Peer 1: 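The structure follows.
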Amino acid sequence: MTLNLFRRTKQLEQQIDSFFDKLSESSVVYRLAVRLYLREGLTDEFQERLERINTLESEADVLRRSIEQQLYTETLIPDSRGDVLGLIETVDQLLSQFEGSLWALSIEKPDIPDEFRNGYRKLTNMVVRAADELALSGRAFFRSPHDVPAHNHKVMLYEKEADAISTKLKMAIFASDLELSHKIHLREFVEQIDSVADLAEDVTDRLAIYAIKRLV
Amino acid sequence: MDPLILIFLSSGLFLGWALGANDAANVFGTAVGTKMVKFRTAAIICSIFIILGALVSGGGTTHTLGKLGAISALPGAFMTALSAALAVYSMTKSGLPVSTSQAIVGAIIGWNLFSGSPTDASTLTKILSTWIICPVLSAFIAIILFKMHKFTSKRIPIHMIMADAYTRFALIIAGALGAYSLGANNIANVIGVFIPGEPLPALQVGAFIFSSTQQLFLLGGVAIAVGVWTYSKRVMMTVGNNLGRLSANSALISVISHSIVLFMFASRGLEAWLAGHGLPTIPLVPVSSSQAVVGAVVGISILQGTAGIRWSVLGRIVIGWIVTPIAACFICFIGLFFLQNVFRLTVQ
C-alpha cells in the first residue's frame, strides 16, 4: 500500500512538472512563431509552429484533467487542493491565449508595416519572458514556496515593461497615416500579445496568496 | 468460572469502550479531521496497536493506579470502573475529548471515600501534577517540533505532492506509535481496578499460560478497539477541526508530541535509563491522552498566533477536565452506597 502511494505520488508530481513544461515550451514556440510571422508572413513553418502550439495546449488539457481527477479521487493535499486546481486552470488559460493569438494571426493575416515590426518583436519577447518566469514561479510553489515572491516580482516587472511597449506601439500606430480600420486591426494584435503578460500577472497574484498560505 | 465475574467485568469493558471512543481521537483525530487519513485506516491501525501496547507495556502505569486505591472486592471495582465509564461516556456524547485517566482517578477516590480507605497523598499528588505537566509538556514538545519542521522545510525543498505522501505516511506511523502508547499508558484506567482481585482463572492455550492480569489486558485492549470502531469518529472531528484549524503538518506534530508524552509516562525502559544515569525519573502514571493532544494543538496555535484558537471550545474542554473527576467520584460514591445497601454486595 505504501509503495503504491509513493509510486502514484511520483506520477502525479511528474504530471505537474510536465504541465509546467508545456507552458515553457509553448512560450518558446509562440515567440518563434510570432517572430517568423513578422519576418516572413504566413509560411508553412509558421503553420507547423501553430500546430505544435495546438498539440501542446491539448496535451496540457489532458494533464490538467488528470491532475484534477487524481487530486480529488485520492483526496491528496487537502489543504492546498483548491489552490493547486486554481493555479492549473489559470495557467491553462494562458496556454489557450498563446494558441488563440497564433490562430488569430493565421486567420486574420494582419499586414504589419515594417516600422512597427520591431515594436511587436520587443513586445513578444517581453510577454514570453513574463510567461517563462511564471513557469518558474509555478514550479517553485510546489517545491520551495519561499522563492515564489522573487519570481513573481520579475513577472510583474516584465508585465509592466510589456504594458509600456504596447502603449508606445499603439501610440505609434495611431499616429501613422494608415487607414483607421488598419490601425484598429494592428491595435487588436498588440492587445492580443500583451494579454499574455496580463494573464501571467493574474496568475502570479493568485500564486502570491497560495504561497503565503503554504508558508503560514 | 463464576459468570457473575463477567457481569462485574462488564463495567471495565464499558470503560474500555468509552476510552476507545474518546481517546482514539487523540491519536488519529487530527489526521482524520484534516482528511489526511481515512477513518477506516485509522481505526484498523489504532485497534491493533492499542491492543499491542496494552499487552506488551501496560504494566507500569497499572502499578501506580493500584497504589492510589487497592480495590480488592470485585463489586467495588465494578462500580469504580462503571462510574468512570459513565463520566467519560457523557462527555464523549457531547463531543468533548475528556480524560479517562481523570475519570478513573476520580472514581477511585470516590471508592476510597466510601470505604474509608486513606488516599495515598504522594501518589495522588504525583497524578494530579501530571494533569498540569502533561498538556504543558506536550505543548512545549509540539513547539520545538514545529520550529524544527519550519527550519528543515525551508532548507530541504520537497515537492508538495511528495511532502503530502510523506506526511500521510508519517501520520500513520505516528498514529500507530500513539495508539501503542495509549494502550500502554491507559490500559491501567480500564482494567487496573480489577487486577488486585484476580478475577479470572489462568488460561492455558497450547504451551502458553495466560495469567488473570494478561487476560484482563487483552480484554481491555479489545474493548478499547471496539470503542474506536463504533464511536470515535465524532470526537476525531472535534479534535481535528473544531479547536483550531490545523494543517496536515500541524496534525502530524500534534500526534507525535502526544505520543512522546504518553510514552514518557509509560516507559519502564526510559525510567530505568534515567535512573541509571542519575537523572530524575518520570513517574509511570496513566496521563490523559486528551490533555496531551489538546496541549500540543494549543502549543502549535500559540506559535502561529493565538487568533487561530477557538477559546470557547478550549474553555469547554478544560471545564470537562475539571468536571470529569468530580462527577466520577460522585457517581462512584452513590453507586457504591446502592451496591452495598440495596444489593447487599461487598464493595471493600
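Each chain gets a letter, A, B and so on, in the order its sequence line appears, and its residues count up from 1. Since the model is a prediction, treat every value here as computed from it, not as a measurement. Scope of the values below: all heavy atoms of this structure, side chains included, with no hydrogens, waters or symmetry mates.
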Peer 1: Measure the CE-OG distance between B/M160 and A/S144 for me, rounded to the nearest 0.5 Å.
Peer 2: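 Going from the CE atom of B/M160 to the OG atom of A/S144 covers 11.0 Å.
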Peer 1: What is the minimum heavy-atom distance between A/E13 and B/I161, and which atoms define it?
Peer 2: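 Result for this residue pair: N-CG2, 4.5 Å.
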Peer 1: Can you list the residues of residues 57-70 of chain A that sit under 4.5 Å from chain B, counting heavy atoms only?
Peer 2: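 So no residue qualifies.
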Peer 1: Checking an interface table here. Which of residues 146-160 of chain A come within a heavy-atom distance under 4.5 Å of chain B?
Peer 2: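 Under the 4.5 Å heavy-atom cut-off, A/H146 qualify.
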Peer 1: Can you tell me if B/F39 has over 12 outside heavy atoms packed within less than 6.0 Å of its CZ?
Peer 2: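 Yes, enclosed.
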Peer 1: Take atom CZ in A/R129; do more than 12 heavy atoms of anything else shown fall under 6.0 Å from it?
Peer 2: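 Open.
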Peer 1: Is a side-chain N or O of B/D164 found less than 3.5 angstrom from the main chain of A/L76, in a donor-acceptor match?
Peer 2: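 Side chain of B/D164 to backbone of A/L76: no pair is present.
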Peer 1: Is A/K122 atom NZ crowded by more than 12 heavy atoms from other residues, nucleotides or ligands, each under 6.0 Å away?
Peer 2: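 Open.
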